[in-house]
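Working notes, beginning with the structure itself.
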Amino acid sequence: MKQIKIGLLGFGTIGAGVVKLLKENSSLISEKTGAQLSLKTIADLDITTDRGVSTDGIKLTTNADEVLSDPEISVVIELIGGYEPARTFALKAIANGKHVVTANKALLAVHGQEIYAAAKASGVEVLFEAAVGGGIPVLSAIKGNMAANRFSTVLGIVNGTCNYILTRMTQEGADFTEVLKSAQEFGYAEADPTFDIEGVDTAHKLCLLLSLCFGTKVDLKDIYCEGITSVSAEDVDFAKSFGYRIKLLAIGKMDDGQIEARVHPTMIPSDYPLADVHGVFNAIRLTGDFVGPVMFYGRGAGMDATASAVIGDVVDLCRNMGAGISRRCAPLGYVDEKVGTLAIKPMGEIVSKYYIRFQAFDRPGVLARIAGSLGAHGISIASMVQSARSTDIVPIVIMTHEAREEDIRTALGEIDAFDVIRAKSTFIRIEDNLE
Ligand code: HSE
């Protein structure tokens, strides 16, 4: 039986999952591919800490070159994460004629074009299913069986850490910091958890989803990105009372040749399937012109689920190698010369419904002034609530009909300057008209 030798760079949580999966399921994988996968070498700066998995028969080294320059190794799995040295190592593996499998969304969101071009020049593949949605095979589906569709929307919950935090805040009224700590202990969070909670990890993943769905290069800086750090227990409670839940969504929409690309806390109706995605689970909902809406759901982070996607890519490579073919599908699913650069719609021009919470003195005429200013900017109120008074300052919550973001920001700037307003108002966009 043909042996495929693999080298692994990075022996963290997912690396340990890869070792475990290959130990437990290697004969099953051989039955499915006709090849024997053999993990020859693992390189990591720390090769002494016990990862709870057996490394018998695997060479451990602190020198990445023992993977990158080993002529026997044909597949390099990059699980270091971050930009460097992951970029340098990936490029070296490619230059040495090795296929690269990676879970590194940060690397691809920023250096993807350079890496794809290098892979094309070397005639090798770069596969990255694990980079979006952990174990969920969404990228393969977009590039594969859904390829015949024009997509209008791609939207989802793609950060397990944020979803875990928001779920526990919603279900238990739990404290943000304490919940983040347990997400880190479970190994869901990035090495730098600010990437999770500030929405950056979600933006990295949205960047890849947009490229695959719309055949476009996306500059990460053009994606509007707002994390969950300012979501308060009060907003979570108000959302519930209006029949909504707050989720951190990655949103991509095709709009007249421009794309909307945004990451922010979003209120969605509590009867949407997306609202029932709890904890570390992720879900991605795509709308194609022929298939209609399709939703993928599964574990978005964690050792075993992510290892499943990583080895799924290796299985794909084995099958291609078995058939003597390579680069059957380009990394983004579009032939390289057809990957363009679509314009991103400026955030001020997006149209959405909004939840707005004001902190105001409970005095005659306050509501009239707020409503007057919203009305003057063409913002129509759909409903409002003012909580019972326990102090002189009360929250006034207004749900709007569809409005332009720029109008909302201008009106709030005006209202926040009123002498009866006690704190900067907060707003959360609402997504409740999914096709
Ligand atoms: N930190 C990421 C998350 C891991 O929480 O979803 C998976 O990319």
Side-chain angles (χ1 to χ4, degrees), residues 10-18 21 77-83 86 101-110 112 127-140 154-169 176-210 212 220 223 225-229 231 246-251 263-266 274 277-284 296-313:
F11 198 13
T13 308
I14 306 166
V18 162
L21 192 158
I77 300 176
E78 184 280 303
L79 298 176
I80 301 168
Y83 306 122
V101 171
T102 179
N104 194 337
K105 54 268 166 173
L107 174 70
L108 296 176
V110 174
L127 295 176
F128 47 90
E129 183 58 73
V132 179
I136 305 171
V138 61
L139 302 187
S140 310
V154 51
L155 155 160
I157 296 165
V158 289
N159 184 272
T161 302
C162 287
N163 203 48
Y164 177 79
I165 293 172
L166 289 173
T167 301
R168 289 197 49 195
M169 284 175 76
F176 181 89
T177 327
E178 170 205 327
V179 187
L180 171 62
K181 209 161 142 256
S182 57
Q184 286 175 289
E185 280 161 11
F186 285 127
Y188 301 153
E190 297 301 299
D192 176 356
T194 56
F195 267 35
D196 295 295
I197 58 179
E198 299 294 354
V200 180
D201 177 73
T202 301
H204 288 149
K205 292 166 179 168
L206 178 60
C207 190
L208 297 178
L209 287 167
L210 293 169
L212 266 71
L220 189 64
I223 297 181
C225 183
E226 189 186 310
I228 61 165
T229 49
V231 174
I246 301 177
K247 296 288 183 188
L248 182 72
L249 290 193
I251 300 176
V263 171
H264 50 72
T266 312
L274 272 174
V277 176
H278 300 307
V280 73
F281 279 80
N282 283 190
I284 299 112
F296 294 83
Y297 168 81
R299 284 184 194 280
M303 166 173 172
D304 290 355
T306 312
S308 158
V310 169
I311 300 303
D313 278 347

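For ligands, and for the atoms within them, numbers begin at 1 and follow the listed sequence.
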Looking at [X], which atoms of ligand 1 are within less than 4.0 Å of one of its heavy atoms?
X      : value
Asp201 : 2 (C)
Lys105 : 7 (C), 8 (O)
Tyr188 : 1 (N), 2 (C), 3 (C), 4 (C), 5 (O)
Asp196 : 1 (N), 2 (C), 3 (C), 5 (O)

Exercise. Is there any N or O on Gly160 that sits under 3.5 Å from an N or O of ligand 1?
Worked result: yes
Exercise. Hey, is the main chain of Glu129 close enough, under 3.5 Å, to the side chain of Asp313 for a donor-acceptor pair?
Worked result: yes
Exercise. Sub-3.5 Å donor-acceptor pair from the side chain of Thr306 to the main-chain atoms of Ala130, do we have one?
Worked result: no
For this session: State, without any angle test, whether Ser182 and Arg168 hold a side-chain donor-acceptor pair at a distance under 3.5 Å.
Result: yes
Problem set entry | Closest protein heavy atom to atom 5 (O) of ligand 1, given as residue, atom name and distance to 0.1 Å | Thr161 OG1, 2.7 Å
Exercise. Among protein heavy atoms, which sits nearest to atom 2 (C) of ligand 1, and what does the distance come to when rounded to 0.1 Å?
Worked result: Glu190 OE2, 3.1 Å
Problem set entry | Residue pair Asn104 / Glu78: nearest heavy atoms and the distance that separates them | CB-OE1, 3.1 Å
Exercise. Which pair of non-hydrogen atoms, one from Cys207 and one from Leu220, has the smallest distance, and what is that distance?
Worked result: CB-CD1, 4.4 Å
Exercise. Testing Ile197, Thr229, Ile228 for side-chain contact (heavy atoms from CB on, under 4.5 Å) with Leu180, which one passes?
Worked result: Ile197
Exercise. Among His204, Lys205, Arg299, whose heavy atom sits nearest atom 7 (C) of ligand 1?
Worked result: Lys205
Exercise. Between Phe186 and Tyr164, what is the ring plane arrangement, given parallel below 30°, perpendicular above 60°, and tilted in between?
Worked result: perpendicular
Exercise. Taking the non-hydrogen atoms of Gly300, is any one of them nearer than 4.0 angstrom to ligand 1?
Worked result: yes
